[in-house]
Protein chains: 2
Amino acid sequence: MFNKVLVAEDLDTISVAVVQALEKLSIAEIHSTKYCDDAFLKIKKAIYDNAPYDLMISDLSFKSDHREDKLTSGEELIEAIKKIQPDIKTIIFSIEDKSFRIKSLFNNLGINAYVCKGRDSIEELQTAIQRIYNNEEVKTSNELALTLRDKTLFEIESYDISLLKSLSKGLTVEDISTEFKDSGIIPNSNSSLEKRINKLKVYFKANNNVHLIAITKDLGLV
Amino acid sequence: MFNKVLVAEDLDTISVAVVQALEKLSIAEIHSTKYCDDAFLKIKKAIYDNAPYDLMISDLSFKSDHREDKLTSGEELIEAIKKIQPDIKTIIFSIEDKSFRIKSLFNNLGINAYVCKGRDSIEELQTAIQRIYNNEEVKTSNELALTLRDKTLFEIESYDISLLKSLSKGLTVEDISTEFKDSGIIPNSNSSLEKRINKLKVYFKANNNVHLIAITKDLGLV
DNA sequence: AAATGCTATACGGTATTCCGTAAAGAACTA
DNA sequence: TAGTTCTTTACGGAATACCGTATAGCATTT
């Protein structure tokens, strides 16, 4: 089994539970930290001491508080760590369940596993660790597997996102039209914008603009 | 100390940590559940068995899964439970840190304490329980205390919440008017609803309804 | 070049929002 | 009872959303 593991998690409740789960896997050295910056320093020092970590388990989002941290999210943390220790194994342990988000984590960060915080996540986390150690394929959470495989997912382009964001800022279609014209974004006519908004409304089954923003906010798109 | 306590929390990691924290307070009977509906049934059965719970600690948001639950949030759960056992003590233990939201929980649900999941929440939870048991004033988390004491804060009533919720469901003012008439909610005329929406728009500095919903969604009010 | 198809744009009519003003009703005061 | 104030309701006009149809531009095909 892995010898030295680091847990980066800001919520104390979750952190103690994860550490306990690791202890049951008879991992010798388990360290935990509540801040991304601290996690980075620990990894760095471990390399320096010639006793590097084998695995890091990290949350994605960290609450901000009085401290002014350089690294503020799990993504930034992993990106920074991979630069100084490319061979370290990484698991993200997060509540995030948006498929497109998770997909990009595998593709862009090269994480080894993604475990979704949920009703049976302790066991899932343990099996994920075991499988990574055995170099086996890591199975994702049940619910997740479905959404990741779902090819029918509407391709939301960045154009749609900025359109939705402008709407949620309280701009009228007229406003957005001039905004897009200024930024050189096309299409930018009222008519085209309306047509695009309409497509989004159809896709998300929204009755009107208010409804559309409510839905996409819930999905975390905006 | 309290004798019988129920923990309603869907994330297994947090649940085990909370139960451990309770054990250290030498509480005799500690039960936990991952679903709102189950929590309600446990409370109900305990009343029936003449051994009611003294305290419930509940999360606010619960993940939805294959089960089709009637109660889907901590708010709904507490509302339902207060109807069958009005004297039960309740603590909300959630990641939510928006002052509006929390204030409305105190005002509309009559909770006894609000503890924010964070880096030192285990200790905060324990002192909150102790203080409720001693009938002392419950101190809220440091950051929270400031915003809650602010009397200039607009009093968001449950009326406003249901209005915003209806809007975010894509209903028109006309629709909401008939909906409110059917439910016996007053005021319910188009004019009054518009006036109320206007106040909210002024308060939240929203340009239009879309903007208003975007803002209140961000604040976690809807 | 002509035909085709796709996309962006233009326009018009209806519905809804947005925002005033005013009347009706209820609660309180003198 | 009459007066005062606050809340609810009514109404009207301008702005915007909503939705259909029609034209213009551009690329590809024939």
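Residue numbers begin at 1 in each chain, while the letters A, B, ... track the order of the sequences.
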Considering only heavy atoms, which members of residues 167-178 of chain A lie under 4.0 Å from some atom of DNA chain C? none

Set out, line by line, the N/O atom pairs under 3.5 Å between protein and nucleotides 20-27 of chain C.
none

Using atom [atom1] of [X] as one end and atom [atom2] of [N] as the other, report the distance to the nearest whole Å.
X	N	atom1	atom2	result
A/Leu212	C/dT17	CG	C1'	17 Å
B/Lys199	D/dT8	NZ	C1'	11 Å
B/Ile197	C/dC19	CD1	C1'	13 Å
B/Asn190	D/dG13	CG	P	17 Å
A/Asn207	D/dA17	CG	C1'	14 Å
A/Lys201	C/dT16	NZ	P	12 Å
B/Leu193	C/dC18	CG	P	13 Å
A/Phe180	C/dA8	CZ	P	13 Å

For residues [X] and [Y], is any side-chain donor paired with an opposing acceptor at under 3.5 Å?
X	Y	value
A/Asp65	A/Tyr35	yes
B/Asp175	B/Thr172	yes
B/Ser177	B/Asn188	no
B/Glu9	B/Ser58	no
B/Glu174	B/Asn190	yes

Test the A/Lys117-A/Phe93 pair against the cation-pi criterion, namely NZ or CZ under 6.0 angstrom from the six-membered ring centroid and within 45° of the ring axis. yes

Any donor-acceptor pair under 3.5 Å linking the side chain of B/Arg119 with the backbone of A/Lys34? yes

Look only at the side chain of A/Lys82 and the backbone of A/Gly110, and say whether a donor-acceptor pair between them is shorter than 3.5 Å. yes

Assign A/Asn208 to base, sugar-phosphate, or nothing according to its heavy-atom contacts below 4.0 angstrom with the strands shown. sugar-phosphate

Under 4.0 Å from OP1 or OP2 of C/dT9: is there any side-chain N or O of A/Ser192 that close? yes

Side-chain N,O (B/Asn209) to OP1/OP2 (C/dC18) below 4.0 Å: yes

Can you list the residues that meet the salt bridge (charged side-chain N to carboxylate O under 4.0 Å, His left out) rule with A/Glu68, with sequence neighbours excluded? none

Earlier contact from the 5' end, DNA chain C, for B/Asn198 and A/Asn188: A/Asn188

